[in-house]
Every structure is written in C-alpha cells, then in structure tokens.
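Chain letters run A, B, ... following the sequence lines, proteins first and then strands; every chain starts at 1.
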Number of protein chains: 2
Amino acid sequence: MNTLAKNTLVKCGECPIRHRAVCARCESDELERLESIKYYRNFEAGQTIVWSNDKMDFVGSVVAGVAALTQTMEDGRTQMVGLLLPSDFVGRPGREGSAYDVTATTDLVMCCFRKKPFEKMMAETPHIAHRLLEMTLDELDAAREWMLVLGRKTAREKIASLLAIIARRDPRPGLSPGVEASFELPLTREAMADYLGLTLETVSRQMSALKRDGVIILEGKRHVSVPDISRLMDEAGDDSDGGYLV
Amino acid sequence: MNTLAKNTLVKCGECPIRHRAVCARCESDELERLESIKYYRNFEAGQTIVWSNDKMDFVGSVVAGVAALTQTMEDGRTQMVGLLLPSDFVGRPGREGSAYDVTATTDLVMCCFRKKPFEKMMAETPHIAHRLLEMTLDELDAAREWMLVLGRKTAREKIASLLAIIARRDPRPGLSPGVEASFELPLTREAMADYLGLTLETVSRQMSALKRDGVIILEGKRHVSVPDISRLMDEAGDDSDGGYLV
DNA sequence: CGGCTCCTTGACTTGACTCAAATACGGTGG
DNA sequence: CCACCGTATTTGAGTCAAGTCAAGGAGCCG
C-alpha cells in the first residue's frame, strides 16, 4: 500500500495487477482509453466502500489490500459472501446498486472507472467483456466451492480450508526451515467467523486446537506459519492435492 | 416434457426458452447458425448428465425439467451447489471438464451445442457473450444469496427459503381460495438436504413442523400449497418483501 | 495508568445429527 | 384385486458439535 501513495497517478502499463485484472487483455490503445476514465481511491481498514442497495457510480479493481462482500439479515446475522484480493473486480456493469456491503478489511487501494464510460467501453471492446466473463466464471466456481465448505464441513475443516486458501493465494515461500508457508491473516476472528458461518468463539477455539496439534504455528494473533501444507490440506478435507501425481 | 418428444427438432424461433436462455439476444441469422450446431438430448430422472472432471464436448441449455450441480467429498458428504431450471446454461466455454457432477433430478430435455463451434461463435457474436455474462452474474448473485442460507440460517429457515425460491420461480397462481401458490417439489428429501446442508431427517422434521404450523399444506409427499406467501417469507428470514411497497 | 479493541477460555445449553424403527406409496406378478 | 417388495419418507430416542453467556487476558494508544 505504501508504494501507492494517495492520489498517485500510475500508468496502467506499470500497474501491479496489469496482467490479472479486468484490463489484462487490453492493447495499449485500449489502456490509454481506460486511463482517461480511471482514478484511484484509498480506503482505511474497516471503512465501508459501498453499502448494499446504494447507488454505485463506479466499478473498479482492487489494486492493493483486501475487501469483503457481506450480506446481513435484519436481526444482525451476517455472512461474508466474497473476499476480494488484488486484481479482483468490484461492481456489476449494467446494474445501479450493489447487492452487498463492500468493506475494506485492510487498508486498500482501488482503481475506479466511472461507470457510464466503462459500460460504453465494454460494449465496444470485446477484450474487456471477455476478461470480465472469465473472471466472473472463476468467481462463480469459487463461490460454489465455498458452498461446500459452508454446507458440509466441520468447524475445524472450515478453518483449515480458509487458511489453505489464503496460503495458496499468497505464495510467499517459507522463511525458516521446516516452514512451508507463512502469511499475515488479513481478517479479524470475527471476519473469519462471518466468512465461515461460525461464531468468533468457535474460530478462536479451532485456531487454538490447530496450533496445539502442530498444524499451524501462531506468532501473535495474526501471523500464521504452516510447517506442512499437505497436512493442512488434509485437515481441510480436500486432500485431492495430497502430494501424489504432482 | 411430454410436449418435446425425443429427438424432435424444434425451431429456435418456437423454443419455449427462446427469450431467457443464452440465445435470448440473438438475431434470426444468428439463430440459424446456432440451429446448425445444436441437438437435443433427453435424460431420465436420476440420470447423470456429466461427471465431475469428465471431459465435456458440449455446452447447452436446460429446455425442460430440473438438473442439479453437486460436489462430493471423498467420504461421501455431498453439497448441491446449483439448481438448473429451464433456460439455465450448462458447461463452461473455454474449459475442458466439468467442475461438478450434473444430474437430472426430473426427466429433462437439454439443447446441446457442440463445444468447439459454440466457442468459435461466441468469439464472433457479442450477443451471445454478453448474454452469457449477464446470466453468469445472475448465477453468482444466486450463489452468494445461497451462501447466506447455508452459513447463517436455521434448519427451519433453510427449508422455508428453498420453498420460497421454488414458489417464486414457478408462479402458478393458487388454485383454491386461500392458497396463494402451489407447486410440485422437483427434489427428493435427500436432494433438499444436499441443497441445504442438512440431513434428510432434519428436512423431513422441518417439513412436518411447517405443515403442523399451517405455513404449508402438503398433499402427498411432493405437492406443496402455500396459503400465505408473506408468512413463508417471514419464516425464511428475508421478510424484505413482507408485502409493503406494492 | 486507564480504557480501548481483539482475542481466548470456561461452563453450560441446544439444534441438528446419528442410529434405529415404523410407515406410506408405487409398481409387479399372481 | 390383492399380496409383496423396494424406495421414499416420517418419527423417536439419545448424543454431540457448535452456540450462548460470562469472565479474563493481551496488546495498543492517549
């Protein structure tokens, strides 16, 4: 985040998410056109980006940081329905409001496009529409995978699944010997609970249990090291990648 | 189903899902091209249409009947991750295999397109790609709504949510006075359980409870009548449409 | 040194699961 | 038309995983 100071103008060509975001397939002339309708916005951890049902006058990409999509019932029960990491897309072209609350769970930088011009451009440049279709299909797959987690896994498996996903998307190699992955949790215990359909007490207990059983190593509350990734995958219940067949 | 006999050739112009399926926006010349690469297939209730990870050489639309997408863990736990009703799309352009098992839960008619020609056509006709994007975004919204059901609702609310969804998508008006909706369940108790992340016993108990409390009227195991839809919505926990505002 | 917020842990409760049986229904063959 | 079988469903009794309620602890900042 610190590398992208507030209101810094970044050339699309130098953008860190250039090859993964909705603009991934654009040619340089298309990028120029995008540059003319884009602007950056910064959000602090905890800040709401859009409220559910509010009118959105932009769409955009997460450049740095993590955001969450959540749904809330009248009595306050809430469920996170999406976790947006850098390069993920926010907003739905062709619809006025947001269907969910969008909240920054860490400090965040968004690359925003004014909505009308973006929609016009999408209609005219298949590269953008195709990439957005591809990304939406990927998100649909991720949502469905998550339905299995929510519907059928135990609390312990749910926690392990979440940790495995974060470890996979943040593939910093282990620092010390005997540590295969190591990362900072971008979520509070409560946010984890909202993602997993659990209470925060249950999250805390299962984190402690995984630590006690040596599946993870906790340094402070948020830093997680994983000595053996395939062990973690086993705990998650999807041992399809248990190590065989490379 | 009976109106579409096996192997009957149907002109796209006369197709019952013409205006809702992936072909909805096509012009008549595009429809002709689609007609040249399409064929119909019939499936019986319970039959598997594609196995997870199997190669799919077609994509297509459900014309009549209901199909389910399911994921299964090694130990047999299964979760339904999608319910495909007429006009819904099956398969993912640009990917070899299916990510899920696709099963017919009632007798079913599919309009299939050979995959390669369909992909080629998609690249050339924005009408199809745009419609598919729109449908995929709708499915993503539906999947996320379902995540709230799976993660945060009680068994009783889950059942009520499922019944409300089916009642909404099958808007046959009530036959008798004092009945606002009435429909045939396209799922067994076990399939309902797999959709809702419950056991079939719990589904059965909650169906009995809703019947006892007068929320629904059961005739036989599968036919459901709803005397008061807003009551059912209340039971589902999303009383946003409680009846006010229109 | 309070006063936060976030997290952990303990004790008890409960909603949904498991195991087990009984019942309904549709179809088949006599 | 009826006896019989297999599948789908209902119902009961007991258990357990996760929830609720209630204290504490840890780190951080003014």
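For the pair B:Leu196 CG and C:dG15 P, the computed distance is 18 Å after rounding to whole Å. Rounded to whole Å, the distance from CE on A:Met192 to P on C:dC6 is 15 Å. The distance from atom NE2 of A:His223 to atom P of C:dC7 is 16 Å, rounded to the nearest whole Å. Nucleotide C:dG15 holds its P atom 13 Å from the CZ atom of A:Arg77, rounded to whole Å. Protein atom CG of B:Asp75 is 11 Å distant from nucleotide atom P of C:dT18, rounded to whole Å.
By the 4.0 Å N-to-carboxylate-O rule, B:Asp213 lies close enough to B:Arg156 to be salt-bridged with it. For B:Arg144 and A:Glu139, the salt-bridge test passes: some basic side-chain N is under 4.0 Å from an acidic carboxylate O. Between B:Glu157 and A:Arg77, at least one side-chain N (NZ, or NE/NH1/NH2) sits under 4.0 Å from a carboxylate O, which counts as a salt bridge. Using a 4.0 Å cut-off between a side-chain N of Lys or Arg and a carboxylate O of Asp or Glu, A:Arg189 and A:Asp194 do not qualify as a salt bridge. Salt bridge absent: A:Arg20 and A:Asp88 never bring a charged side-chain N and a carboxylate O closer than 4.0 Å.
The residue B:Leu198 sits close only to the backbone: its heavy atoms come under 4.0 Å of sugar-phosphate atoms, none of a base. The residue B:Thr188 sits close only to the backbone: its heavy atoms come under 4.0 Å of sugar-phosphate atoms, none of a base. At the heavy-atom level, A:Gly46 lies nowhere under 4.0 Å from the strands shown. Counting non-hydrogen atoms under 4.0 angstrom, A:Arg156 reaches nothing in the nucleic acid.
We find the CE-CG distance between B:Met207 and B:Leu200 to be 12.5 Å, quoted to the nearest 0.5 Å.
Distances were taken from every side-chain heavy atom of B:Thr202 (C-beta onward) to each of C:dA16, C:dC25, C:dT8; the shortest belongs to C:dA16. Comparing C:dA20, C:dA16, C:dC25 by their closest approach to the side chain of B:Glu201 singles out C:dA20.
The shortest distance between side-chain heavy atoms of A:Trp146 and A:Leu83 does not fall below 4.5 Å. Residues B:Ile217 and B:Lys211 form no side-chain contact, since every pair of their non-hydrogen atoms from C-beta on lies 4.5 Å or further apart. Using a 4.5 Å heavy-atom cutoff, the side chains of B:Thr188 and B:Thr105 are not in contact.
Remark on DNA chain D: of its neighbouring residues B:Leu218 and A:Lys153, the 5'-side contact belongs to B:Leu218, judged by nearest-heavy-atom nucleotide.
Along DNA chain D, read 5' to 3', the first and last nucleotides having any atom under 4.0 Å from a heavy atom of chain A are D:dA18 to D:dC21.
Of the residues in residues 205-217 of chain B, B:Arg205, B:Ser208 come within less than 4.0 Å of DNA chain D through at least one heavy atom, sorted by number.
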